[in-house]
Amino acid sequence: MNFQQLKSVREAVRQDFNLTAVAHALNTSQPGVSRQIRELEDELGFDLFARAGKRLTGLTGPGQTVLPIVERLLQEADNLRRA
């Protein structure tokens, strides 16, 4: 698990699950964003996002539970950098 994966998850929700927009916001590639999300899901052992084919369509139940934790972790990392 790394911060880039967490940022990809947070930004996917912020960008209404549009991975092209996520990639643009994070200055990376869409395949890279997809890989980051899939690797995190594999590590956690469950899907964070509901899918229709390859498209993200929303958060799963576990994804809804995890999102506030992701937000807190990224906020605390930001607080640490500013300290």
Side-chain angles (χ1 to χ4, degrees):
M1 182 177 316
N2 62 54
F3 285 114
Q4 191 61 36
Q5 291 169 329
L6 300 177
K7 288 177 185 177
S8 293
V9 168
R10 177 182 65 186
E11 199 62 33
V13 173
R14 288 181 175 178
Q15 298 295 332
D16 293 324
F17 312 105
N18 180 326
L19 294 183
T20 301
V22 173
H24 181 72
L26 296 177
N27 298 314
T28 189
S29 68
Q30 185 274 324
V33 170
S34 295
R35 186 180 67 253
Q36 292 287 339
I37 289 171
R38 181 53 73 189
E39 287 175 358
L40 179 60
E41 289 177 325
D42 288 347
E43 186 175 340
L44 293 173
F46 53 83
D47 289 340
L48 298 170
F49 295 97
R51 291 174 171 79
K54 292 183 177 183
R55 301 192 74 165
L56 302 183
T57 59
L59 287 169
T60 62
Q64 292 174 0
T65 301
V66 168
L67 183 62
I69 298 167
V70 167
E71 294 279 1
R72 277 195 311 273
L73 287 169
L74 292 172
Q75 183 61 52
E76 289 300 327
D78 191 45
N79 291 343
L80 185 59
R81 280 186 208 98
R82 287 186 295 206

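Note that the numbering runs from 1 along the sequence shown for the chain.
- For residues 1-13, every residue pair satisfying the side-chain hydrogen bond (donor to acceptor under 3.5 Å, both in side chains) rule, not counting sequence neighbours, is listed here: Glu11-Gln15.
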*Please lay out, stage by stage, how Leu59 and Val66 fare under the test side chain to side chain contact (heavy atoms under 4.5 Å, CB included).*
CA-CA 10 Å; Leu59 287 169; Val66 168; over 6 Å; no
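- Residues Leu80 and Leu74 fall into different hydrophobic clusters, defined by Ile, Leu, Val, Met, Phe, Trp and Tyr side chains chained together at heavy-atom separations under 4.5 Å.
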*Derivation of the side chain to side chain contact (heavy atoms under 4.5 Å, CB included) call for Leu19 and Ile37*: CA-CA 10 Å; Leu19 294 183; Ile37 289 171; 4.0 Å; yes
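- Annotation: side chain of Leu73 is not in contact with side chain of Glu76 (no heavy-atom distance under 4.5 Å).
- Ion pair Arg51/Glu41 flagged as a salt bridge, since at least one NZ, NE, NH1 or NH2 atom sits closer than 4.0 Å to an Asp/Glu carboxylate oxygen.
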*When you look at Met1 and Leu44, which way does the side chain to side chain contact (heavy atoms under 4.5 Å, CB included) test go after all the steps?*
CA-CA 9 Å; Met1 182 177 316; Leu44 293 173; 3.8 Å; yes
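- A pairwise comparison of heavy atoms in Leu56 and Ala12 identifies CD1-CB, 4.3 Å as the closest pair.
- Atom CZ in Phe46 sits 8.0 Å away from atom OG1 in Thr65 (nearest 0.5 Å).
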*Check the pair Thr57, Phe49 against side chain to side chain contact (heavy atoms under 4.5 Å, CB included), reporting the backbone distance first and the verdict last.*
CA-CA 7 Å; Thr57 59; Phe49 295 97; over 6 Å; no
*What's the verdict on side chain to side chain donor-acceptor pair (under 3.5 Å) for Ser34 and Gln30, showing C-alpha distance, side-chain angles and the deciding distance?*
CA-CA 6 Å; Ser34 295; Gln30 185 274 324; 2.8 Å; yes
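- Closest approach of Val70 and Leu6 over heavy atoms only: CG1-O, 3.5 Å.
- Of all heavy-atom pairs between Ser29 and Ala23, the closest is C-CB, 3.5 Å.
- With respect to Asp42 and Arg35, no salt bridge is recorded, no charged nitrogen being found less than 4.0 Å from a carboxylate O.
- A distance-only check finds no donor-acceptor pair linking the side chain of Thr28 to the backbone of His24 [under 3.5 Å].
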